[in-house]
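Start at 1 and go down the list; that is how both ligands and their atoms are numbered.
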Amino acid sequence: MPERTIFRGIRLVDPASCHDGLTDVLVEDEGVSAVGDAVVAPAGTEVVDAGGLVMAPGLVDLHAHLREPGFEHKETVETGSRAAAAGGYTAICAMPNTEPVTDNLAVIAEVRNLADKAGLCDVHPAGAITRNLEGSSLTDIGEMAQAGVRLFTDDHRCVQSSRVMRLALEYAKAFDVVIAQHAQDDGLTEGWQMHEGYYSALLGLTGAPAEAEEVIVARDVALARLTGGRLHITHVSAAGTVDLMQQARERGLRVSSDVTPHHLTLCDQDLVHYDTNLRVNPPLRSEEHRDALRKGLVGGTLDAIATDHAPHALEDKEQEFDQAPPGTTGLETALAVILTELVEPGLLDLLRAIELLSSRPARILRLEEQGGPILPGRAANLTVFDPDAEWTVGERPFASMAVNSAFGGRRLKGRVLHTMLRGRFTVRDGEPVW
Ligand code: DOR
C-alpha cells in the first residue's frame, strides 16, 4: 500500500509558485500528487487537520558545520542531520573544516555515506578551495565539481591571496560552481575577540573592524568581474558589504550572499555579560551594522539566510571569552528567530522569509528537488510549522549534540511540527522520527 498523507486547509507558502493561501496538499509515496481545494484523497489516506498551520518547501541551509570526520565530540553527520530535520531543513551544505579537511573525493564520499545512512536530510558537502584550508594551493575543484560538489569554500578561513582567489573563480566558472568566501582580512583581525568599536573598548577586548570584511569583499567583487566566476559572500556582517553587493548586482556580476539569524538580530552590546555563546566569527557588530543587514535583506540585496550552525562541546565554550572557540548552533532556531524577530514585527513578509530560507539557497546550490515549487509531480520536501506556537530555546533537549545556542532561554514564536524528506516524515507532530 502506498503511503498517503493529506494536509487539509493548510496555508501553503511557496515562493517558487508565488502561492500564499489556503489549500489541500496530498502527498503520495515520495512526491506531491495534488494541490488544490477539496482534493479527493483515496481511502486509507492519513488526514492531517492543518488549520492554522503553514506548509513551506523544506528549508535549505547554505552553511552548516557537521564536524565529522574529526570532531565527533561536537557533532556528527547524524546528529547534525537530526538538528536540521528538527529545524525544518531538508537540505544543508556541510562546511569543509573537518579533520581531515573535506578537500578531496574520499572525504566527500565519507560525508555523503554518513548522511545517506542517517537519511534525515540531504547533506551536500562543500569542498575546500585550498588544500588543508591553508590558502596556498588549490584543491581539485574540477574533479569534485564533476562528482557533484556545488559550493567551494575555506570557511572559517578567508582566502587571502588574490591570485588563489582569481584561479578559484576561474575554475568555478568552468565548472559552473560557486566560490563562497569567508571575507576577513587577516592583517586587520589578528587576535580579535569581538567587533571593534565602543563596546570592545568598554569591555577591554581586542576588536576586528568591519572594514576587515569590506576590503576582501571589494577585492573579490573585482575578481568576480575579472573572471566571470560565481562569487558568494557568506555570513555577511558589515554594512559596507551590503553596499558593495548592491553595486556588484547593479553591474550585472554573478554575486550572491547570505546572512545569519544571529547577525540579523543580535549586536556587540549583547556581549556585556561575556557570554561565550555570543562569540561568533564574524563577530556580532554594532546596531548600525545589524540594521543595514536587515535593510539589505528586506530590499533584496542579500540573497539568503544561512545558519552557520557551529556546534561546540560544553567544555569548549565554558572558558574565558577570549579562549572559547567562536560559533553558535542555529539549525533548530533559525526559522523561529526569523519569524519572531523579522516577520512578526512586519519587517519581512512570510513568503519572502521562506524564499530567503529555502527557494533562493536551493537556487544558489542548483538543487532541483529543493526549495519548491510545491506542485503535483514534485518531490515532497516540505516543512509544516505552527506560526503561533511559542517555546523557549533550551526547554526541550536539542537534537544537535551541542547546546551552544546564542538564543538560549529566548522565548520564540513558530514551531516546526512536521518535516518531510521525499514524502517520509523526519519529524512528525513535533517529535523526531529516528
Ligand atoms: O562562528 C563560527 N564558527 N564561524 C565560522 O566561520 C566557523 C565556525 C566554526 O567552525 O566553529
Proximal atoms of ligand 1 relative to [X] (non-hydrogen, under 4.0 Å):
| X | result |
| --- | --- |
| H182 | 6 (O) |
| N281 | 1 (O), 2 (C), 4 (N), 5 (C), 6 (O) |
| G327 | 1 (O), 2 (C), 3 (N) |
| A310 | 3 (N), 8 (C), 9 (C), 11 (O) |
| H156 | 5 (C), 6 (O), 7 (C) |
| D308 | 1 (O), 2 (C), 4 (N), 5 (C) |
| D155 | 5 (C), 6 (O), 7 (C) |

What do you reckon, does [X] put a non-hydrogen atom under 4.0 Å from ligand 1?
| X | result |
| --- | --- |
| H235 | yes |
| H312 | yes |
| K74 | no |

- request: Give the single entry among P326, P325, P311, P282 that approaches atom 3 (N) of ligand 1 most closely by any heavy atom.
  value: P326
query: Do the side-chain N and O atoms of E75 and S400 include a donor-acceptor pair separated by under 3.5 angstrom?
result: yes
message: Is it true that T328 and N277 share a donor-acceptor pair across their side chains at a distance under 3.5 Å?
response: no
message: So which atom in P345 and which in E341 form the shortest heavy-atom distance, rounded to 0.1 Å?
response: CG-O, 3.2 Å
Does [Y] offer a backbone N or O that forms a donor-acceptor pair with the side chain of [X] under 3.5 Å?
| X | Y | result |
| --- | --- | --- |
| T276 | E320 | no |
| N404 | A310 | yes |
| E143 | D140 | no |

statement: Ranked by distance from atom 11 (O) of ligand 1, the top protein heavy atom is R67 NH2, 2.8 Å
query: For atom CD of E315, is the number of surrounding heavy atoms from other residues, nucleotides or ligands below 6.0 Å larger than 12?
result: yes
task: On the 0 to 90° scale, with breaks at 30° and 60°, tag the F321-Y274 ring pair as parallel, tilted or perpendicular.
output: perpendicular
message: Does only the side chain of H65 get under 4.0 Å from ligand 1, or the backbone, or both, or neither? Count heavy atoms.
response: side chain
- request: Apply the side-chain contact (heavy atoms from CB on, under 4.5 Å) test between I216 and each candidate in Q184, Q181, H182; give the one that qualifies.
  value: Q181
- prompt: Would you say H63 has any N or O atom under 3.5 Å from an N or O of ligand 1, going by distance alone?
  reply: no
